[in-house]
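Structure record follows, encoded as structure tokens.
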Amino acid sequence: MADENNQAEAPAVEATGGEQPQGRGPRGGRGRGGQGGGDRGRGGRDGNRGRRDDRRGAEDGGEELIEKLVHINRVSKTVKGGKRFGFAALVVVGDGKGRVGFGHGKAREVPEAISKATAAAKKAMVRVPLKDGRTLHHDGNGHFGAGRVTVRSAPAGTGIIAGGPMRAIFESLGVADVVTKSVGTSNPYNMIRATFEALNDQSSPKAVAQRRGKKIADLLGRGGSQTAEADAAAIVE
């Protein structure tokens, strides 16, 4: 009877012993899986962000964008353990075919600040009508804060007569001939905003004709052009 009791108790001990590793197993698995799952979760979120950025590039038609870093500002904050540095980046992005935008980003590291600024610039891109795909249709003025700029169309072969932030804008925009002048502040943020104000005021003969309910040849012919029809046919947005 004692042997039978021992044999009867043995499976119970084995079952109990088998249940304990199973109980520890899920807990340990949850602990390890929780950490691993958290890593995988964070990796998955990062990966999703990367894929979303790729989809944005695909939505843009896979076109190559011209990215120009205009300015980087470094600031520091003194704390108990020393100094903490932060960076602010100003980036101009364009497709070289009449679309351009600018963005501003802040981060603790320079590459991250540039990536934030680039993403903001891509979201804020605007279209500017170009004459013959190389210059502006007409002159324009813009001001923001203490910055005042003047932009003028120029004949072929003139080149980009601009400096600093304004040159980056026109190179990204795809303008080959333009004359500009900046008066007042040299702050790159104000200069860029003033330049974009001048570019936003640009209008093409096609847009003016549609707004006034007239033909492009009628608008061009009033200036004394003998080839108004040919000029109207040659206009490219």
Side-chain angles (χ1 to χ4, degrees), residues 60-71 90-103 118 121-122 124-144 147-212 214-237:
D60 293 338
E63 58 186 357
E64 296 182 0
L65 297 177
I66 302 172
E67 302 177 1
K68 291 187 176 293
L69 177 62
V70 176
H71 182 71
L90 180 63
V91 175
V92 174
V93 174
D95 62 353
K97 300 177 183 178
R99 294 177 65 228
V100 68
F102 75 97
T118 303
K122 290 179 180 179
M125 292 182 71
V126 297
R127 180 168 294 280
V128 180
L130 301 180
K131 181 180 179 181
D132 301 331
R134 62 171 185 81
T135 188
L136 303 176
H137 281 285
H138 56 83
D139 302 349
N141 298 315
H143 69 89
F144 186 90
R148 296 179 180 274
V149 301
T150 300
V151 296
R152 302 186 65 183
S153 59
T158 302
I160 301 177
I161 309 301
M166 297 180 69
R167 171 174 288 272
I169 292 175
F170 289 111
E171 288 179 350
S172 303
L173 181 61
V175 173
D177 304 296
V178 68
V179 177
T180 68
K181 180 64 177 178
S182 174
V183 179
T185 182
S186 59
N187 185 307
Y189 292 89
N190 290 346
M191 288 180 64
I192 282 186
R193 289 186 173 95
T195 305
F196 269 85
E197 182 177 334
L199 294 178
N200 288 331
D201 291 339
Q202 289 287 316
S203 60
S204 64
K206 182 177 179 181
V208 175
Q210 290 178 351
R211 186 167 62 248
R212 297 180 59 187
K214 296 181 178 294
K215 295 182 180 180
I216 301 178
D218 297 339
L219 299 178
L220 299 179
R222 291 185 179 183
S225 175
Q226 300 298 327
T227 59
E229 295 289 346
D231 294 342
I235 289 178
V236 179
E237 288 293 337

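- With contacts defined as side-chain heavy-atom distances shorter than 4.5 Å, the pair Leu130/Leu136 qualifies.
- What you find for Ala198 and Gly142 is that their closest heavy atoms are CB-N, 3.8 Å.
- Side chain of Glu67 to backbone of Val92: no donor-acceptor contact under 3.5 angstrom is found.
- In terms of the ring-ring contact (aromatic ring centres under 6.0 Å, His included) criterion, residue partners of Tyr189 (sequence neighbours excluded) are, by chain and number, His104.
- Sorted by first and then second residue, the salt bridge (charged side-chain N to carboxylate O under 4.0 Å, His left out) pairs involving residues 173-187 (not counting sequence neighbours) are Arg134-Asp177.
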Chi angles and distances behind the side chain to side chain contact (heavy atoms under 4.5 Å, CB included) call for Val93, Ile66: CA-CA 5 Å; Val93 174; Ile66 302 172; over 6 Å; no

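- Among residues two or more places apart in sequence or in another chain, the side chain to side chain contact (heavy atoms under 4.5 Å, CB included) test is passed with Gln210 by Lys206.
- Every residue two or more places apart in sequence or in another chain was checked for a salt bridge (Lys or Arg N to Asp or Glu O under 4.0 Å) with Arg148, and none qualifies.
- The side-chain hydrogen bond (donor to acceptor under 3.5 Å, both in side chains) pairs that include a residue from residues 192-201 number zero, where partners must be two or more places apart or lie in different chains.
- Listed by chain and number, the residues in a side chain to side chain donor-acceptor pair (under 3.5 Å) with Thr150 are Asn141 (sequence neighbours excluded).
- Within the 4.5 Å cutoff, no side-chain heavy atoms of Asp139 are placed close to those of Val151.
- Here the closest heavy-atom approach between residue Ser204 and residue Pro129 is recorded as CB-CB, 3.9 Å.
- At least one side-chain heavy atom of Phe196 sits less than 4.5 Å from a side-chain heavy atom of Val100.
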Could you go through residues 154-176 and list every donor-acceptor pair under 3.5 Å that involves a side-chain atom there, pairing it with any protein atom two or more places apart or in another chain?
{"unit_1": "Thr158", "atom_1": "OG1", "unit_2": "Pro155", "atom_2": "O", "d": "2.7"}
{"unit_1": "Arg167", "atom_1": "NE", "unit_2": "Ala162", "atom_2": "O", "d": "3.0"}
{"unit_1": "Arg167", "atom_1": "NH1", "unit_2": "Glu171", "atom_2": "OE2", "d": "3.4"}
{"unit_1": "Arg167", "atom_1": "NH2", "unit_2": "Ile160", "atom_2": "O", "d": "2.6"}
{"unit_1": "Arg167", "atom_1": "NH2", "unit_2": "Ala162", "atom_2": "O", "d": "3.3"}
{"unit_1": "Glu171", "atom_1": "OE1", "unit_2": "Lys68", "atom_2": "NZ", "d": "3.1"}
{"unit_1": "Ser172", "atom_1": "OG", "unit_2": "Ala168", "atom_2": "O", "d": "2.9"}

